[in-house]
Structure formats: C-alpha cells, structure tokens
Amino acid sequence: MTDLTRLTAADLAEKLSRGEVSSVEVTRAHLERIAAVDADIHAFLHVNERALDVAADIDRRRGAGDDLGPLAGVPLAIKDVLVTTDMPSTSGSKILEGYLSPYDATVVARSRAADLVPLGKTNMDEFAMGSSTEHSAYGPTRNPWDLERIPGGSGGGSAAAVAAFEAPLALGSDTGGSIRQPAHVTGTVGIKPTYGGVSRYGAIALASSLDQVGPVTRTVLDAGLLHDVIGGHDPHDSTSLAHEWPSFAAAAREGATGEVLKGLKVGVIRELPDSGFQPGVSASFRAALAAMQAQGAEIVEISAPHFEYGVAAYYLILPAEASSNLAKFDSVRFGLRVNVPGGTVEDVMAATRDAGFGDEVKRRIILGTYALSAGYYDAYYGSAQKVRTLIQRDFAEAFAQVDVIATPSAPTTAFKLGEKVDDPLQMYLNDVTTIPANLAGVPGISIPSGLASEDGLPVGIQFLAPAYEDARLYRVGAAVEQLLVDSWGGPLLDRAPQLAGASAGDANGGAR
Ligand code: GLN
C-alpha cells in the first residue's frame with residue numbers, strides 16, 4: 001500500500017475526494033509517523049489529541065454529500081506562534097507555557113472552516129526570534145537531513161515536520177525569513193506573502209510592520225492550495241489588504257507548464273557579495289539560473305545598493321517593535337506569574353519576565369528599548385526607517401527592469417546545533433537575503449535548488465516579486481520546481497538520508 005505520508009497535499013486531496021482513502025486513514029498515518037520519528041526530530045510541541053475525531057467528522061460529512069473545500073481532510077501542522085482554542089499556544093516561550101487562547105487565529109479559523117485537520121503545534125525560536133530553533137524554551141528541533149544540524153528558524157518545527165513527512169502542510173510566520181530560511185535548509189517550499197495578504201490576527205506579534213503568515217510545504221502547488229485557504233481580507237487585522245487575490249493554486253498549475261520562463265526577466269543583485277556565501281550555495285544558485293536561462297529566461301544584473309544595510313536596519317526596527325509588543329507579558333494578563341512574597345507589582349513583573357523570557361528575547365527587548373529611548377530615537381530608530389525607505393526604492397527601481405529578483409535563500413546550508421547559538425551576530429547574518437522583502441513588504445518564495453556539493457545538504461533559491469504579485473511567484477516557482485525536479489529525476493527530499501533511516505518506524509518502506 002502507498003505510504004500516505006509520502007504524498008503531496010494535492011494528491012491526498014484528490015484521493016480523499018475520490019473516496020480512495022479516508023481522512024481518518026490519512027490522519028492516522030501522519031500521527032504514526034509523528035510517533036515514530038518525532039522523538040528524534042522534535043518538530044511538535046503539542047500533538048492534537050482530537051485530530052482523529054476531526055478527521056472522522058469530515059469523513060462523515062463527505063459521506064453525507066456535504067460540499068467540502070479542496071483540501072478537506074488533509075492534515076495541517078501549525079506554528080506555535082498562531083493561537084488556537086483547543087491546543088496551547090506558547091510561541092516557544094516559557095512565559096506562555098500552557099496558555100490557551102480564547103479565540104483562533106484567522107488563518108487557523110479559515111483552515112478549520114476549509115476542513116483541514118489540525119495535527120498539532122510546531123516548535124519555534126522563542127517569540128520567533130532566531131534562525132535555528134535553538135532559542136525555543138522547549139529544546140531545539142533537529143534537521144531531518146542530519147539530526148546534528150539545525151532545521152532553520154524561527155519556524156524550524158514547521159519546516160522539519162513537512163520535510164520529515166510528519167505533515168503534508170504547515171503554517172509558518174516570516175518576519176525576517178522564518179518561513180524561507182527553514183525551507184532553504186530542509187529542502188522544502190516556503191512563501192512569505194505580500195504584507196497584508198494573509199491575516200496576522202491571532203499571530204502572536206513579533207514586529208507588526210514585518211510579520212507575515214504563510215505556507216510551508218513540499219511543493220509549490222501545495223503552498224498555493226494552502227495560501228488560497230488562509231489568504232484574503234480580514235476585518236480583524238487593520239493592515240489586511242482589501243484586494244481581490246487570484247487563485248494561487250491555479251497560478252502554480254499554470255506555471256508548471258514552464259511557459260512563464262520564456263522571456264522572463266530575472267534580476268540578479270550586483271552588490272550581493274559572493275564572498276559571504278558558501279561555495280556550494282552559490283554553485284547551486286548559478287546552476288538554477290542557468291537552467292532557467294536554457295528555457296528562455298533572461299538574467300539581468302540589477303543594482304540594489306541598500307540591501308547590504310537591511311540586516312542592520314532590521315535589527316533596530318525589529319527589537320523596537322518587539323520591545324513594545326512584548327510589554328503585554330506583564331504577569332497580570334497572560335501566562336506565567338512568579339510571586340514575590342511581600343513584593344510590589346513591579347517586583348512580580350520583573351521576577352516573571354526574568355524567569356519567563358530567554359536570553360535572546362531579553363537581548364532584543366533591551367536593544368529595542370534603548371533604540372527607542374529619548375535622545376537615541378532619531379539616531380537609531382529614525383535612521384533605520386530611512387534605510388527601510390531606501391530599500392523600498394531599490395526594489396521599485398529593480399522591478400521597473402525585471403519581473404522577479406533571484407537570490408540564494410540563505411548564505412549557508414544547515415549548520416551544526418550549537419555552532420552559532422552563542423554568537424548573535426553570526427545568527428543574524430543568516431537572513432541577509434530574506435530580510436529586505438520584509439522591510440519592503442514584497443512577497444518572496446524559497447524552493448529547493450539542489451544539494452551543496454561540499455556537504456550534500458539542501459539549498460534554496462529565493463524569488464522576490466513586487467507587492468501584490470504573489471501569483472507571479474507561484475508561476476515562476478512552479479516552473480523552476482518542475483524543471484529542477486525533472487533534472488534530478490524526482491523530488492529532492494527523496495534523497496534525504498536521515499529520513500530513510502529515521503529511528504523506529506520504517507514508514508518510508510525502504511526509500512533508501
Ligand atoms: N531570523 C530572524 C530573526 O531572528 C527572522 C525571524 C522571523 O522571521 N520571525 O529575527
């Protein structure tokens with residue numbers, strides 16, 4: 001029998017709608033996979049104990065002839081930054097341990113309404129601060145390709161769950177790269193939508209002007225299917241765009257024909273120094289561009305002189321917004337309270353925040369508070385906002401010449417656990433190519449471009465498009481995916497050694 005966990009969401013949905021499998025069977029297969037491998041991977045912080053009941057209800061309604069959505073019955077993993085009424089939402093922090101939300105995040109509510117089956121909540125760096133998931137208060141997630149390596153961050157749990165076939169689909173959030181960089185290091189697909197394209201309501205805020213929720217999947221089509229479910233205007237989010245979005249699944253299907261590559265103008269940034277990139281990452285990037293060129297794409301060198309200041313500006317804007325967003329964890333309204341006998345309210349607040357927040361969170365709160373303080377506001381926060389405007393102008397000028405911009409999705413492949421965790425600056429530099437999109441609000445996609453020759457680990461290529469042009473990314477992403485998967489003779493994840501050998505369950509049926 002086919003191993004249901006190896007199928008894409010699109011294939012599962014088709015089998016479900018034809019009645020060839022039930023949602024209970026599909027959900028059970030994924031729960032068994034989680035039971036078999038998640039002790040090693042630790043992608044999940046919480047597994048939904050009601051998943052099979054939800055699946056059974058969907059099967060019953062399908063049997064009764066109810067009209068169900070295109071992904072009905074397909075399981076979905078949910079990053080723990082998204083609040084849920086039936087499972088705890090911790091955002092990877094001790095301060096929210098066991099916290100139950102009185103409402104669902106809009107993306108969660110829409111997924112439930114579309115009859116996806118919530119499988120559980122995935123691990124992440126505390127409050128989405130990080131690039132390795134090592135800042136989770138609940139221990140790191142491991143990369144399914146090599147258990148000694150990081151799965152990326154902050155959404156390492158969602159990416160690892162999808163890469164390890166524990167879930168066909170996952171939700172992530174991307175403030176500076178937390179969907180795209182984990183996709184890069186795990187050989188999966190991740191999309192940061194246009195700012196305002198997907199609701200942030202119920203996404204525990206990190207930096208509100210940068211945060212965006214999006215899909216984490218194994219194929220571009222699956223991402224499009226999920227984006228169609230979660231996207232669109234939400235009156236609960238004041239930054240949500242009132243825009244009529246096209247179907248992203250349709251865009252992905254159209255893109256798979258490859259037509260879009262003929263005459264496509266692909267911008268490559270002159271100022272991105274090759275020196276900062278691992279040789280195998282650069283080589284994979286150039287090979288993907290050459291493959292596109294062979295199909296009629298035109299590679300155009302563009303200038304984006306301010307991109308190199310993106311990381312610096314981001315690490316002022318983000319801590320500034322985060323320090324203000326995290327002020328709500330005050331020991332009174334949410335989560336943890338550390339009592340101080342005989343102490344004042346301030347004493348309780350200080351003791352709670354001291355015990356509840358990890359080092360990286362404290363570091364950023366201090367940085368942000370400093371950057372916003374009177375006397376430094378203009379010098380730091382004000383300057384960073386000016387850089388943000390310059391980066392937006394770089395994008396506007398670039399997109400006057402090209403249809404998409406391409407970069408490697410991150411400078412290196414998955415590094416070893418522990419390698420950068422004590423070196424914040426090295427950790428921050430992971431997001432050099434992803435951060436500009438958040439600063440400018442434009443959409444970005446990362447798809448696998450191959451394996452780095454020196455370590456055999458996955459590499460991603462990122463495409464960026466103008467705001468509102470998410471569908472273009474689905475077309476281009478699906479075209480390049482098809483081209484590369486054909487050249488490899490099958491999906492990249494089929495070559496992940498650790499997956500085939502993962503401990504107990506031989507759920508892969510000897511895929512090695
Ligand atoms: N790695 C980046 C950071 O630490 C991005 C985080 C994110 O996108 N949530 O801030």
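Both counts, for ligands and for their atoms, begin at 1 and track the order of listing.
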Please confirm whether [X] comes within less than 3.5 Å of ligand 1 when only nitrogen or oxygen atoms on both sides are compared.
{"X": "Gly177", "value": "yes"}
{"X": "Thr175", "value": "yes"}
{"X": "Leu318", "value": "no"}
{"X": "Gly153", "value": "no"}

Residue-level breakdown please: for [X] versus ligand 1, do any non-hydrogen atoms fall below 4.0 Å on the side chain, on the backbone, on both, or on neither?
{"X": "Leu206", "answer": "side chain"}
{"X": "Ser154", "answer": "side chain"}
{"X": "Arg364", "answer": "side chain"}

Looking at Tyr474 versus Phe463, is the centre-to-centre ring distance below 6.0 Å?
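No.
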Aromatic ring proximity, centroids under 6.0 angstrom, Phe127 and Phe329
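Ring centres of Phe127 and Phe329 closer than 6.0 Å.
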Could you check whether [X] pairs with [Y] (Lys NZ or Arg NE/NH1/NH2 to Asp/Glu carboxylate O, under 4.0 Å)?
{"X": "Asp234", "Y": "Arg200", "result": "no"}
{"X": "Arg393", "Y": "Glu397", "result": "no"}
{"X": "Asp40", "Y": "Arg142", "result": "no"}
{"X": "Asp403", "Y": "Arg475", "result": "no"}

Can you list every ring-ring contact (aromatic ring centres under 6.0 Å, His included) pair that touches residues 403-437, not counting sequence neighbours?
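Residue pairs with at least one partner in residues 403-437: Tyr315-Tyr428.
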What protein heavy atom sits nearest [atom], and how far away is it?
{"atom": "atom 7 (C) of ligand 1", "value": "Ser178 OG, 2.3 Å"}
{"atom": "atom 10 (O) of ligand 1", "value": "Tyr314 OH, 2.7 Å"}
{"atom": "atom 3 (C) of ligand 1", "value": "Tyr315 OH, 3.2 Å"}
{"atom": "atom 2 (C) of ligand 1", "value": "Asp431 OD2, 2.9 Å"}

Within the 4.0 Å heavy-atom shell around [X], which atoms of ligand 1 are there?
{"X": "Gly176", "answer": "5 (C), 7 (C), 8 (O)"}
{"X": "Ala128", "answer": "6 (C), 7 (C), 9 (N)"}
{"X": "Asp174", "answer": "8 (O)"}
{"X": "Ser131", "answer": "1 (N)"}

Hey, can you tell me if Tyr377 and Tyr381 have their rings parallel, tilted or perpendicular (30° and 60° cut-offs)?
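Tyr377 and Tyr381: tilted rings.
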How about Tyr309: does its OH atom have over 12 heavy atoms from other parts shown lying under 6.0 Å from it?
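Open: at most 12 neighbouring heavy atoms sit under 6.0 Å from OH of Tyr309.
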State, with a plain yes or no, whether a side-chain heavy atom of Val162 is found less than 4.5 Å away from one of Thr186.
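No, every pair of side-chain atoms sits at 4.5 Å or beyond.
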